[in-house]
Amino acid sequence: MNILIIGSGAREYSIALSLLNDSRLSHIYFCPGNGATSELGENIDIKDNKDIVVFCINNKIDLVVIGPEQPLCDGLSDELRNNNIRVFGPSKRAAMLEGSKIFMKNILKKYEIPTARFIEGNNKENLFSFIDSIESSKIVLKADGLCGGKGVIIAQNKDEAKSTLNDILNGKLFGEAGKQVVVEEFLDGYELSVFAICDGSDFIILPVAQDHKRLLDNDLGPNTGGMGAYSPTPLCNDKLLQDIKDSIIKPTLDAMKSENAEFSGVLFCGIMVVDNKPFVLEFNVRFGDPECEVILPLLKTPLLDILNASIDKKLANFTYEILQKYCVGVVVASQHYPFKSSPKEEITYSNINFLSNQISHISFAGVSRDNDRLYADGGRVFVAIGIGDSLSEAKNNAYNLTKNISFKGMIMRKDISNKAL
Ligand code: AMP
Ligand code: GLY
């Protein structure tokens, strides 16, 4: 079969690696892909949804997997479905769980799903009086719309919250995406990334991961797209996971059904655990990046079977197997990430496995190719993924891998997975 993967990051590279050794696969396309995905398949560059449909028909695409949130929020999956093309990813309406924080918070409130207490809108007087009523000293401000993962500000006190809110509402900080906001109380706990593959009614859970959002070791420095992840995490035991399924995932799928926005695809629940109780921080409607890169290698059941069961609404009786292994992913980024772009630098390497996710490997993101040379040409450049029988072995394997591949100015955290060790 022919598969088209939408996206250009390490997430999409890793999805392809998981599908690559499946004997059912004949050809894999990436739109737009990156300088390394062109070694796994063929990159195409089509921007318009209607043109993607035409490409799928002309090239007999059997399945489209949509990696990032923007095309989902733009309705690419609806366009494909309307043309009878199989697609893994939620509808535009269901993607509002990520596309609009106000939509998402109101679903949680209406169906009594645990989340931080909040207020929404653009009425400054109401927002300010809510801020005054909050008991936590820190206050969380969120732009309603998509901001590439950067639309959240944690104010350290009420005055800072109010002045930052002014800057958001007048468009200074987030432009149009911040014309409406969510203000909520700060939850103090630890975070988990929980991924449910859903078919509208039923779901299966993948191994639970933990992201490392801050730039520097010990969770210092600014927020980034994610500097590393590991899975499974011992910070989520069976009882907590059952609670997350019963009090968050199942009620959310039921709620979306009642709202005529049936959810199929990946529901990524950003969870804060406070006193052993899970609260929803956010939903994403796609795989997390870099979490995806450390979860997919743990699947024993072929990824293609999982995607098909979701599309065909067969998850209720679906059995799947997970390897008893650990996976640690260390993001290697360019010198000036996440502040500004960095000069393009050649990547040199030796003794690196590029073609299988069954052993420690590299997953590429911000890279370009010139003849046979690979260049660091983006913020997050690649992820070194270590696999092992224990978390510490996986961590060692990931960091050992980073010694075999380099470019000028590369940066990485040295403490990925330490929280669990
Ligand atoms: P979000 O995009 O909503 O997940 O927010 C990005 C990050 O901000 C989360 O991963 C948390 O680290 C932090 N965050 C968001 N909401 C809250 C909250 N209510 N309390 C504490 N931290 C939060
Ligand atoms: N790792 C967080 C995200 O993909 O948004």
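These values consider heavy atoms only, across backbone and side chains, with no hydrogens, waters or symmetry-generated copies. Whatever order the structure lists ligands and atoms in, that order sets their numbers, starting from 1. Everything quoted here is computed from the prediction, not taken from an experiment.
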Protein contact of atom 1 (N) of ligand 2 - nearest heavy atom, named by residue and atom, plus distance: Glu291 OE1, 2.7 Å

Under 3.5 Å side-chain donor-acceptor pair for Gln242 and Asp238: no

Residues in salt bridge (Lys or Arg N to Asp or Glu O under 4.0 Å) contact with Lys47, at least two apart in sequence or another chain: Asp45

Aromatic ring proximity, centroids under 6.0 angstrom, Tyr349 and Phe407: no

Ser310 side chain vs Cys198 backbone, donor-acceptor pair below 3.5 Å: yes

Residue Asn284 vicinity, atoms of ligand 2 by number, heavy atom under 4.0 Å: 5 (O)

Neighbour list for ligand 1 [protein residues, heavy atom under 4.0 Å]: Lys101, Ala116, Val140, Lys142, Val152, Ile154, Glu184, Glu185, Phe186, Leu187, Glu191, Lys213, Met272, Leu281, Glu282

Which of the ligand 2 atoms, numbered from 1, are nearer than 4.0 Å to a heavy atom of Gly288: 4 (O)

Atoms in ligand 2 flagged as close to Arg286, the criterion being non-hydrogen separation under 4.0 Å: 3 (C), 4 (O), 5 (O)

Name every donor-acceptor pair, under 3.5 Å, that has one atom in a side chain of residues 321-335 and the other anywhere in the protein, sequence neighbours excluded.
| residue | atom | partner | partner atom | Å |
| --- | --- | --- | --- | --- |
| Lys325 | NZ | Asp389 | OD1 | 3.1 |
| Ser334 | OG | Gly378 | O | 2.6 |

Backbone or side-chain N or O of Asp211 under 3.5 Å from ligand 2 N or O: yes

Lys395 NZ/CZ over Tyr230 ring centroid, <6.0 Å and within 45° of normal: no

Ring pair (Phe, Tyr, Trp, His ring centres under 6.0 Å) involving Phe263 - partner list, sequence neighbours excluded: none

Note: Asp275-Lys277 ion pair, threshold 4.0 Å (strictly below): no

